[in-house]
Protein chains: 2
Amino acid sequence: MNEGHLPIGRFARLCRLSVKQLRHYDELGLLPPDYVDPDTGYRYYRPDQARAAMLIGLLRSIDVPLPSIGRVLSGDTGALGGVRDRMEAELARRERNFAALERILADGLPRPEVTVVREPARRVAVVRDVATPDRIGAVTSACVTRLLAAAGDPRGLMIGLFPLDLAPELTVAVTVETSEDVPGTSSDVLPGGLYASVTHVGPYDQIPLTAHALLAWVGEHGHTPEGPLREVYVSNPATTPQDRLVTHLMIKLEDPE
Amino acid sequence: MNEGHLPIGRFARLCRLSVKQLRHYDELGLLPPDYVDPDTGYRYYRPDQARAAMLIGLLRSIDVPLPSIGRVLSGDTGALGGVRDRMEAELARRERNFAALERILADGLPRPEVTVVREPARRVAVVRDVATPDRIGAVTSACVTRLLAAAGDPRGLMIGLFPLDLAPELTVAVTVETSEDVPGTSSDVLPGGLYASVTHVGPYDQIPLTAHALLAWVGEHGHTPEGPLREVYVSNPATTPQDRLVTHLMIKLEDPE
DNA sequence: ATGGAGGCTCCCGCAGTGGGAGGGTCCACC
DNA sequence: GGTGGACCCTCCCACTGCGGGAGCCTCCAT
């Protein structure tokens, strides 16, 4: 221990962290003091450790978890990239949800018109994939692309199928009505019967809001939803502005005995 | 307890929350079940509670704290606005810090050129205000506006003063050199002496990054910073693109004996 | 009547601190 | 060479918003 050493409080002020934080980072091995007095336990830092401390502070300010910070500090150059990707996704999610909140503030809680319709059974070509809840949008559009590639120019509307349980892993499917087998897809029959249906107008990433309202309606009217949620993509997203995209959301009701 | 009642698991699936969450919200009084069996403790929900449950879910998805959600649910119409404001500030902060991270990814940790300069004492007109850490930017520009209004067209550069300790409440000041008293401002003398100085080029909200680097330099060179951080606003933000804004950051060093 | 799904309470754990108790140390000033 | 006050130490508890699991009870369809 020599001249330049700083006790923890002074060092904390220098790098604008709290004493508690520094002790915690020491415990985790993120930023061990240069010297610890074996008798008193006093921590002493070298001033040039401030740079690392400030990097920690910056990364913390964008909510990078401490273990990732550890990886960055120990020279894992790839770690920063991963951090950035996660940040980006997180920011996007925040913005989406923020938009939903704005919508609620403007229009109040959505209570869209729900109708009960009788749907025929439909023979469809299906493309499936497994997604995590935050990647539903991306995986679904990938499925759409694959289905379009396989089925060519479809006559009917495409219908997305999404499980009601938002499990950590869920299988999404995109279908289109067809009379014959389509290579590269599997075939299936969507059951007919009574469906509760609601029309969502607006961007796809605000569908959950309307879907929730539909589920609430189903509950309030004493029905039990059955099977996956259907999304019928009425508009062409390539030619329709986001605000005008029309999607029918439908959920099968239990058969009236 | 009657027909329409749902046990917790079914209700959870309906409104896409976990059983744990519902129990938690019950404990907090956010969403008490319609009926609790006094013998078994079983919770039973009315289907029309799903709408409230989904509102909770939506608000949680944007990280609104449960107590705030409670206020919204109990009809505090102002609460949603407050929520939105906090969300907005939070998003802005994230974006700022994200930009800082991008910068670091691109350029590496900043290690700008620090020089030691001798500054004369300056007689200045001062406008002060108290800010919270996240409102420093706004409060500072308000001070600038007030100072400009009081001092007219200043000859010298404006200098901002910011305490080094980032306390929850801090006093920021904006000054401009003057030879006579300026009504509507207080007068002060900025001490002369040796300063560590660094030039920050870029948006004002990335100043903390460079400021930290300056502090780190000061520490590494065995100095002790003294007094507030100075920011000398060299560019005119009205006519300079953000990326080219030049600001000198300076911190007084202890007097060499 | 029985089995399995689903419910209950209670306790522990997480991350990343803040707060505080209870006690030892350092240092500047007298 | 004291002494007071600032500073440091280690523990422990609290928070938020849940998830996991133990150990037990209840509901309902067969």
Side-chain angles (χ1 to χ4, degrees), chain A residues 1 3 5-45 53 56-71 83 86 90 133 165-169 224, chain B residues 1 3 5-45 53 56-71 83 86 90 133 165-168 224 254:
Chain A
M1 125 149 223
E3 286 309 303
H5 274 135
L6 305 171
I8 196 168
R10 198 168 282 281
F11 185 70
R13 275 192 298 278
L14 182 63
C15 54
R16 319 188 110 172
L17 296 170
S18 76
V19 170
K20 286 279 189 182
Q21 282 173 299
L22 287 174
R23 286 203 269 250
H24 191 204
Y25 301 156
D26 176 16
E27 256 174 65
L28 297 186
L30 280 189
L31 187 69
D34 186 47
Y35 170 77
V36 177
D37 189 307
D39 297 328
T40 66
Y42 274 36
R43 294 167 176 86
Y44 293 95
Y45 293 83
I56 297 183
L58 176 66
L59 291 168
R60 279 305 301 148
S61 78
I62 50 181
D63 283 338
V64 177
L66 290 179
S68 307
I69 296 181
R71 255 166 280 138
V83 160
R86 258 170 293 146
E90 171 72 5
D165 298 19
L166 242 42
E169 285 233 325
T224 309
Chain B
M1 125 151 224
E3 285 311 302
H5 274 136
L6 304 171
I8 197 168
R10 197 168 283 281
F11 185 69
R13 275 193 299 278
L14 182 63
C15 55
R16 321 189 107 174
L17 296 170
S18 75
V19 171
K20 285 278 191 186
Q21 282 173 299
L22 287 174
R23 287 203 268 248
H24 191 56
Y25 301 157
D26 177 17
E27 255 173 66
L28 298 186
L30 280 190
L31 187 69
D34 186 46
Y35 170 77
V36 178
D37 189 308
D39 297 328
T40 66
Y42 274 37
R43 294 168 177 84
Y44 294 95
Y45 294 82
I56 297 182
L58 176 66
L59 291 168
R60 278 307 301 148
S61 78
I62 50 181
D63 284 338
V64 177
L66 290 180
S68 307
I69 296 182
R71 255 166 279 137
V83 160
R86 258 171 292 146
E90 170 71 6
D165 297 20
L166 242 41
T224 309
E254 76 290 347

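Within every chain, numbering begins at 1; the chains are lettered A, B, ... in the order of the sequence lines, protein sequences first and strands thereafter.
Rounded to an integer number of Å, the gap from CD of Glu27(A) to C1' of dG16(C) is 11 Å. Rounded to an integer number of Å, the gap from CZ of Arg60(B) to P of dG19(D) is 10 Å. We find that CG of Leu6(A) is positioned 16 Å from P of dC26(C), with the value rounded to whole Å. Distance His5(A) NE2 to dC8(D) P: 15 Å, rounded to the nearest Å. What separates OH of Tyr35(A) from C1' of dC8(D) is a distance of 14 Å, to the nearest Å. At whole-Å resolution of the value, CG in Leu22(A) and P in dC7(D) are 15 Å apart. Residue Leu31(B) contributes atom CG, which lies 15 Å from atom P of dG17(D) at whole-angstrom precision. Between Ile56(B) atom CD1 and dT16(D) atom C1' there is a gap of 15 Å when expressed in whole angstrom units.
Counting heavy atoms from C-beta on, the side chains of Pro33(B) and Tyr44(B) never come closer than 4.5 Å. The closest side-chain heavy-atom distance from Ile69(A) to Leu66(A) is below 4.5 Å. Using a 4.5 Å heavy-atom threshold, the side chains of Tyr25(A) and Leu17(A) count as touching. By the 4.5 Å heavy-atom criterion applied to side chains, Arg23(A) and Val19(A) are counted as neighbours. Side-chain contact between Leu31(B) and Phe11(B) is present, with at least one heavy-atom pair separated by less than 4.5 Å. Side-chain contact check for Arg43(A) versus Leu22(A): every heavy-atom pair is 4.5 Å or farther apart. Between Leu28(A) and His24(A) the shortest side-chain heavy-atom distance falls below 4.5 Å.
Both Gln21(B) and Ile8(A) sit near DNA chain D, but only Ile8(A) has its closest nucleotide nearer the 5' end. A residue-by-residue look at Arg43(A) and His24(B) shows that Arg43(A) has its nearest nucleotide of DNA chain D further toward the 5' end. Looking at which nucleotide of DNA chain C each of Val19(A) and Arg13(B) is closest to, the 5′-most match is held by Arg13(B).
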Show each protein N/O and nucleotides 24-27 of chain D N/O combination with a separation under 3.5 Å, one pair to a line.
residue: dT26(D); atom: O4'; partner: Tyr42(B); partner atom: OH; Å: 3.2

Listed pairs, N/O of protein and of nucleotides 20-22 of chain D, under 3.5 Å:
residue: dG20(D); atom: N7; partner: Lys20(B); partner atom: NZ; Å: 3.2
residue: dG20(D); atom: O6; partner: Lys20(B); partner atom: NZ; Å: 2.6
residue: dG21(D); atom: O6; partner: Lys20(B); partner atom: NZ; Å: 2.7

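The heavy-atom pair separating Leu6(A) from Arg10(A) by the smallest distance is CD2-CD, 3.8 Å. Pairing each heavy atom of Cys15(B) with each of Ala53(B), the nearest pair is SG-CB, 3.6 Å.
Under 4.0 angstrom from either OP1 or OP2 of dA5(C) there lies no side-chain N or O belonging to Arg10(B).
For Ser18(B), the side-chain atoms get nearest to dG19(D) when compared with the rest of dT17(C), dG7(C), dG19(D).
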